[in-house]
Amino acid sequence: MPNAEHAEPAEQAGQAAPAGKTMPHETADTVEPAAITEITALTENSRNVPPTDTARRARYTRYVALGDSQTEGVGDGDDVTGLRGWADRLAEHVAAADPGLEYANLAVRGRVAGQVRAEQLGPALALRPDLATVVAGVNDLLRPRFDAAEVAGHLEAMFAALTEAGTHVVTLTFPDIGRIAPAARPLRSRLFDINDRIRAAAARHGVSVAEIEPHDVSTDPRLWSTDRLHASPLGHARIAEAAAQAIGLPGTDDSWTRPLPLLPAPTRLRATAAELRWAATFLGPWLGRRLRGRSSGDHRLAKRPELQLVRVPVP
């Protein structure tokens, strides 16, 4: 992200004058020692205080989102009323700070990282974004033949291409899937591996990372839809807030990491019943599609393939 220029302190220690007085010829030799100490401290502090958000933050005019079902917004709305999702919500956060923002969402559900790169990177670059989000990999780690290095390679190629074009890229780490869906615990090592590779690739290319994984709230069931694969509206809102903080939007903080009020723990019987319902309702059909070589994204197109002006909802 380009850094806006900001001025160094205009006065040096020997040039500053007390408020209300002018001392055109005064030097350190004629100023009282206490005054020298005070002036020096003020000067040093001015150098150490970071610029304000207004001074240091880049302005965004075009935001493009690349990814799979999470970025498309599955779990936040539906195909009848329309999907919102964390990327749409992030666009609204950005537009509130930078009116006139245009936004495109190229994400399509079911896509693995290689497909996101092959299908979405070229169109994204053609839109010349100054902000982009790249989130993919969960569909890869759910497949039997998972290659973390290959997945990370696709992500890094997208990071590199976009940052070289002058785009500020944002990505995120994935929450502990084994705490969201106990049946997915065998996949935890894959998830931690890909998260580490995402961090390393992001560091090499100056990509901002919204760190979702380390925070316990990220696995709270209320942040996830009933299929346990997609965020709920509350979850999408939290992810958007995390990404907004990662890029330093005005007014952002770490409130998205705060836990929700405690829920009573379910009995073992209820927990087992919930697992069985989930497996029958969601896991079974998902495995069936995989065995038939089908995807939930078959024949689907991006919901917002062209840049459009973002309208900020009225509170």
Side-chain angles (χ1 to χ4, degrees), residues 62-92 102-127 129 131-146 150-151 154-155 157-158 161-162 169-172 174 177 180-181 184 194 224-233 235-237 239-240 243 278 281-311:
R62 295 180 299 279
Y63 163 37
V64 178
L66 298 79
D68 52 29
S69 55
Q70 292 286 16
T71 301
E72 185 184 350
V74 174
D76 190 6
D78 55 47
D79 289 330
V80 176
T81 60
L83 298 175
R84 192 178 181 190
W86 71 266
D88 288 23
R89 292 171 181 268
L90 174 61
E92 292 164 6
E102 293 182 302
Y103 161 59
N105 189 319
L106 309 181
V108 178
R109 66 192 68 179
R111 298 301 192 257
V112 294
Q115 290 174 312
V116 174
R117 177 185 178 186
E119 300 170 8
Q120 300 175 27
L121 178 58
L125 290 168
L127 295 173
L131 175 66
T133 51
V134 178
V135 178
V138 169
N139 288 321
D140 297 84
L141 67 85
L142 293 173
R143 282 161 169 71
R145 296 179 180 177
F146 171 70
E150 180 182 352
V151 174
H154 289 307
L155 292 170
M158 290 187 276
L162 287 161
V169 178
V170 185
T171 190
L172 54 82
F174 302 116
I177 191 172
I180 299 168
I194 195 63
W224 296 92
S225 62
T226 52
D227 68 8
R228 304 186 190 176
L229 293 174
H230 300 99
S232 66
H236 278 285
I239 296 170
W278 172 76
T281 306
F282 301 106
L283 181 60
W286 185 88
L287 290 173
R289 288 196 300 272
R290 298 286 78 74
L291 291 172
R292 296 193 301 272
R294 296 178 56 189
S295 166
S296 59
D298 289 345
H299 311 300
R300 284 187 174 272
L301 302 174
K303 69 176 185 180
R304 191 176 176 129
E306 302 296 335
L307 290 167
Q308 299 176 39
L309 188 68
V310 177
R311 300 187 183 280

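Counting begins at 1 with the first residue of the sequence. Here the structure is a predicted model, which means the values were calculated and not measured.
- Salt bridge K303/E72: absent, no basic N to carboxylate O contact under 4.0 Å.
- R84 and D78 are not joined by a salt bridge, as no carboxylate oxygen comes within less than 4.0 angstrom of a charged side-chain nitrogen.
- L307 approaches L127 most closely through the heavy-atom pair CD1-O, 3.8 Å.
- Of all non-hydrogen atoms in V116 and G67, the two that sit nearest each other are CG2-O, 3.7 Å.
- D227 contributes a side-chain N or O that, together with a main-chain N or O of H230, makes up a donor-acceptor pair within less than 3.5 Å.
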Show your reasoning for whether side-chain contact (heavy atoms from CB on, under 4.5 Å) applies to L90 and Y103.
CA-CA 10 Å; L90 174 61; Y103 161 59; over 6 Å; no

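- A113 and A136 make their closest contact through CA-CB, 4.0 Å (heavy atoms, listed as atom of the first residue, atom of the second, distance).
- Remark: the backbone N or O of G114 is not paired with any side-chain donor or acceptor of E150 at under 3.5 angstrom.
- To the nearest 0.5 Å, atom CD1 of residue I177 and atom CG of residue L141 are 6.0 Å apart.
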message = Run the side-chain contact (heavy atoms from CB on, under 4.5 Å) test on L121 and L162 for me, step by step, so that the C-alpha distance in whole Å, both residues' side-chain angles and the decisive distance to 0.1 Å come before the verdict.
response = CA-CA 8 Å; L121 178 58; L162 287 161; 4.0 Å; yes

Which is it for V134 and L155 under the side-chain contact (heavy atoms from CB on, under 4.5 Å) test, yes or no, and what are the steps along the way?
CA-CA 8 Å; V134 178; L155 292 170; 4.1 Å; yes

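- When every heavy atom of P129 is checked against every heavy atom of L125, the shortest pair comes out as CD-O, 4.4 Å.
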### Task
Please step through salt bridge (Lys or Arg N to Asp or Glu O under 4.0 Å) for the pair R304 and D88, ending with a clear verdict.
CA-CA 10 Å; R304 191 176 176 129; D88 288 23; 5.5 Å; no

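- R109 pairs with exactly one of L83, T71, D68 by the side-chain contact (heavy atoms from CB on, under 4.5 Å) rule, that one being L83.
- A 6.0 Å sphere centred on CD of Q308 holds more than 12 heavy atoms belonging to other residues, nucleotides or ligands.
- Closest of all the heavy-atom pairs between L229 and W224 is O-CZ3, 3.8 Å.
- Separating the CG atom in L106 from the CD atom in E306 is a distance of 8.5 Å, to the nearest 0.5 Å.
- Side chain of R143 to backbone of N139: a donor-acceptor contact under 3.5 angstrom is found.
- In this structure a side-chain-to-backbone donor-acceptor pair under 3.5 Å is missing from D76 to H236.
- Taking every heavy atom of both residues into account, A240 and R89 meet most closely at CB-CB, 3.6 Å.
- V170 is listed as a side-chain neighbour of L131, based on a closest heavy-atom distance under 4.5 Å.
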*asked:* Go through it in stages, so that I can follow the logic: the residues are V310 and E92, the test is side-chain contact (heavy atoms from CB on, under 4.5 Å), and I'd like the CA-CA distance, side-chain angles, deciding distance and then a yes or no.
replied: CA-CA 7 Å; V310 177; E92 292 164 6; 4.2 Å; yes

